[in-house]
Novice: 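Sharing a structure, written as structure tokens. Questions coming.
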Amino acid sequence: MIFLTVGTQFPFDRLIKAVDNACDKGLVDEEIFAQIGESTYIPRNFKTVSFLTKNQFDRHLKQSSSIIGHAGMGIISLALDNNKPLLVM
């Protein structure tokens, strides 16, 4: 599972839409789960939640094979600490 997270402070509709479009084109062959915060774009190809508790977030992070995220230091540090490949947008 790929964990897509855009943080909780600012919306990042462009990133969510870009990943959704990549799914439409068949470029992603793995399940995606996303924490989308205040974003207004709702993807067609994967499940989302606006916010996760810390325990839920940590569980998704640990279960993921890789992470797609905004350039926040929190997700960068967590990816490094958990040896998860990270695509930063």
Novice: At what distance, to the nearest 0.5 angstrom, does NZ of Lys17 lie from CG of Asp20?
Specialist: 9.5 Å
Novice: With hydrophobic residues grouped by side-chain heavy-atom distances under 4.5 Å, do Val88 and Ile16 end up in a single group?
Specialist: no
Novice: Any donor and acceptor pair, going by atom type alone, linking the side chain of Ser39 with main-chain N or O of Pro11 inside 3.5 Å?
Specialist: no
Novice: How long is the straight-line distance from CD1 of Ile2 back to CZ of Phe33, given to the nearest 0.5 Å?
Specialist: 14.0 Å
Novice: Would Val6 and Asp13 count as a side-chain contact (heavy atoms from CB on, under 4.5 Å) if you check the C-alpha gap in whole Å, the side-chain angles of each, and the deciding distance to 0.1 Å?
Specialist: CA-CA 9 Å; Val6 298; Asp13 289 336; over 6 Å; no
Novice: Report yes if some heavy atom in the side chain of Asn45 is under 4.5 Å from a heavy atom in the side chain of Ile32; otherwise report no.
Specialist: no
Novice: Using the side-chain contact (heavy atoms from CB on, under 4.5 Å) criterion, which residues pair with Ala18? Sequence neighbours excluded.
Specialist: none
Novice: Which residue pairs pass the side-chain hydrogen bond (donor to acceptor under 3.5 Å, both in side chains) test with at least one member in residues 60-73, sequence neighbours excluded?
Specialist: Glu30-Ser65, Lys62-Asn82
Novice: Are Phe57 and Met1 grouped together when hydrophobic residues (ILVMFWY) are joined by side-chain heavy atoms under 4.5 angstrom apart?
Specialist: yes
Novice: Taking all non-hydrogen atoms of both residues, which atom of Phe51 and which atom of Glu38 are closest, and how far apart?
Specialist: CZ-OE2, 3.3 Å
Novice: Which atoms form the tightest heavy-atom contact between Gly69 and Leu86, and what is the distance?
Specialist: N-CD1, 4.1 Å
Novice: State which residues pass side-chain hydrogen bond (donor to acceptor under 3.5 Å, both in side chains) with Gln56; sequence neighbours excluded, sorted by chain then number.
Specialist: Thr53
Novice: If I take atom CG from residue Leu15 and atom CD1 from residue Ile36, how far apart are they, to the nearest 0.5 angstrom?
Specialist: 11.0 Å
Novice: List in chain and number order the residues that pass ring-ring contact (aromatic ring centres under 6.0 Å, His included) with Phe46, two or more places apart in sequence or in another chain; answer none if no residue qualifies.
Specialist: none
Novice: What pairs with Asp24 under salt bridge (Lys or Arg N to Asp or Glu O under 4.0 Å), at least two apart in sequence or on another chain?
Specialist: Arg44
Novice: Not counting sequence neighbours, which residues clear salt bridge (Lys or Arg N to Asp or Glu O under 4.0 Å) with Lys54? List them please.
Specialist: Asp58
Novice: Between Met89 and Phe12, what is the shortest heavy-atom contact and its length?
Specialist: O-CE1, 3.7 Å
Novice: Is there a continuous path of hydrophobic side-chain contacts, each under 4.5 Å between heavy atoms, that joins Ile67 to Leu87?
Specialist: no
Novice: Measuring from atom CG of Asn21 to atom CG of Leu27, what distance do you get when rounded to the nearest 0.5 angstrom?
Specialist: 10.0 Å
Novice: Could you go step by step and tell me if Leu4 and Thr48 meet the side-chain contact (heavy atoms from CB on, under 4.5 Å) rule?
Specialist: CA-CA 9 Å; Leu4 168 62; Thr48 67; over 6 Å; no
Novice: Mind running side-chain contact (heavy atoms from CB on, under 4.5 Å) on Leu61 and Ile75 for me, showing each step along the way?
Specialist: CA-CA 10 Å; Leu61 181 89; Ile75 194 61; 4.1 Å; yes
Novice: Could you tell me which non-hydrogen atom of Gln35 sits nearest to which non-hydrogen atom of Phe3, and how far apart they are?
Specialist: N-CE1, 4.3 Å
